[in-house]
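To keep things clear, I will list the structure first and then write my remarks on it.
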Amino acid sequence: MKLRFTAMAAALLIAAVSATACGDKKSSSSGSDIDMDTYQNSESSVVDMEADFKDVQPVADSEGALLSIVNTTAKAGETAEVTVHVENAEMKWNMCGFHVTYPDVLTPKIFDPADRSMEYKKGPAVEYAKGFVSLNWEDNLPDELIADHRKAFFITSVFDGDQGMNGDIATFYFDVPADAASGTVYELNFFYWPGAVFSNAAKDPGYDKYAFEHWTGGTITVE
């Protein structure tokens, strides 16, 4: 059974990467009623999310997962630690697959350039995960990100049931430019791409929608 599930987890991870890390973008409807200051996401990302979850009711506040990127600091020329975190999700979530954007002047630490895998340290939120993958998104970036001088990386993880926990999902590493001025603030944000998931074992789309409507970005501030 363990070997069977390991193979299943690997297949799910591959499918998640294929669905949300590359490929053609869906067409979107126009308009949004989400507060952009609260949502901390790009306009087209909000529109895509609303189109995909148009008729879905999000779960209640007491049940919804709260994803965030932890604010951090670093000196010019040093490496910043960027941590993706989740709360209100203890033993409630089963799988994730989503993107995080970062300014293109930052250089991510890459574990293996051949497959674009990110260097990272997993946190307690994914302690019981059957699989975890994080890849830098280097090709076929959306025009919006290119115009905004931003790049992105992808995170996906899968569990055997609702075994996802609260706490840090993973910490990633970014080199800050050597000439960065003190006080410079670099923003990192979540980016909804069609096919993204933050789901429970029941596959309730309202659980995903709540996470996407309430996630909040973070910053790196140069000391």
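The shown structure was predicted, so the numbers you read here are calculated from the model rather than taken from an experiment.
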When you compare the side chain of [Y] with that of [X], does any pair of heavy atoms fall below 4.5 Å?
X	Y	value
Glu81	Thr171	yes
Val100	Phe191	no
Glu127	Lys122	no
Phe111	Ser134	no
Trp93	Gln163	no
Leu141	Lys151	yes
Asp168	Val84	no
Pro103	His149	no

For the residue pair [X] and [Y], what are the closest heavy atoms and their distance?
X	Y	result
Ala76	Val176	CA-CG1, 4.1 Å
Asn189	Gly217	OD1-CA, 3.7 Å
Tyr207	Val59	N-CG1, 3.7 Å
Val86	Ala65	CG2-CB, 4.1 Å
Cys96	Thr156	O-OG1, 2.7 Å
Thr184	Ala181	OG1-O, 2.7 Å

Q: Test Ile69 against Trp215 for side chain to side chain contact (heavy atoms under 4.5 Å, CB included), laying out the working first.
A: CA-CA 9 Å; Ile69 300 169; Trp215 54 16; over 6 Å; no
### Query
Does the ring centre of Tyr102 sit less than 6.0 Å away from the ring centre of Tyr186?
no
Review point. For the hydrophobic clusters of this structure (ILVMFWY residues joined by side-chain heavy atoms under 4.5 Å, transitively), does one cluster hold both Val185 and Val70?
Key: no
ILVMFWY cluster, Tyr173 and Leu135 together (side-chain gap under 4.5 Å):
no
Original post:
Do the ring planes of Phe174 and Phe153 sit parallel (below 30°), tilted (30 to 60°) or perpendicular (above 60°)?
Top reply: tilted
Practice task
Assign the ring pair His99 / Trp137 to parallel, tilted or perpendicular, where the plane angle (0 to 90°) is split at 30° and 60°.
Solution key: tilted
So, [X] side chain and [Y] main chain: donor-acceptor pair closer than 3.5 Å or not?
X	Y	value
Ser157	Gly131	yes
Asn88	Ser62	yes
Asp162	Met91	no
Thr72	Ile220	no

Side chain to side chain contact (heavy atoms under 4.5 Å, CB included) evaluation trace for Lys203 with Asn94 | CA-CA 9 Å; Lys203 305 303 178 190; Asn94 169 254; 3.0 Å; yes
Residue pair Met118, Ile110: steps toward the side chain to side chain contact (heavy atoms under 4.5 Å, CB included) verdict: CA-CA 5 Å; Met118 298 281 287; Ile110 302 296; 3.8 Å; yes
Between the side chains of [X] and [Y], is a donor N or O closer than 3.5 angstrom to an acceptor N or O?
X	Y	value
Asn71	Thr219	yes
Lys92	Asn166	no
Asp61	Tyr210	yes
Glu223	Thr73	yes
Tyr192	Asp52	yes

**Message:** If you apply the rule side chain to side chain contact (heavy atoms under 4.5 Å, CB included), what do you find for Met95 with Phe159, and how did you get there?
**Reply:** CA-CA 6 Å; Met95 184 177 181; Phe159 300 82; 5.9 Å; no
Checklist entry - Is a salt bridge present between Lys109 and Asp175, judged by a nitrogen-to-oxygen distance below 4.0 Å? => result yes
When rounded to the nearest 0.5 Å, the distance separating CG of Leu106 from CZ of Arg150 is 8.5 Å
CD1 (Ile169) and OG (Ser68) are apart, to the nearest 0.5 Å, by 8.5 Å
Requested in this report: Can you establish whether the number of heavy atoms outside Asp112 located under 6.0 Å from its atom CG is more than 12?
Outcome: yes
So the ring-ring contact (aromatic ring centres under 6.0 Å, His included) pairs with at least one residue in residues 47-66 (sequence neighbours excluded) are Phe53-Phe212
Determine, step by step, whether Phe132 and Tyr120 satisfy the ring pair (Phe, Tyr, Trp, His ring centres under 6.0 Å) criterion, reporting the C-alpha distance in whole Å, the side-chain angles of both residues, the deciding distance to 0.1 Å, and the verdict.
CA-CA 11 Å; Phe132 185 93; Tyr120 61 80; 4.8 Å; yes
Residues passing the side chain to side chain contact (heavy atoms under 4.5 Å, CB included) test with Glu138, sequence neighbours excluded, are Arg116, Asn136
Taken in chain and number order and not counting sequence neighbours, the residues that satisfy side chain to side chain contact (heavy atoms under 4.5 Å, CB included) with Asp55 are none
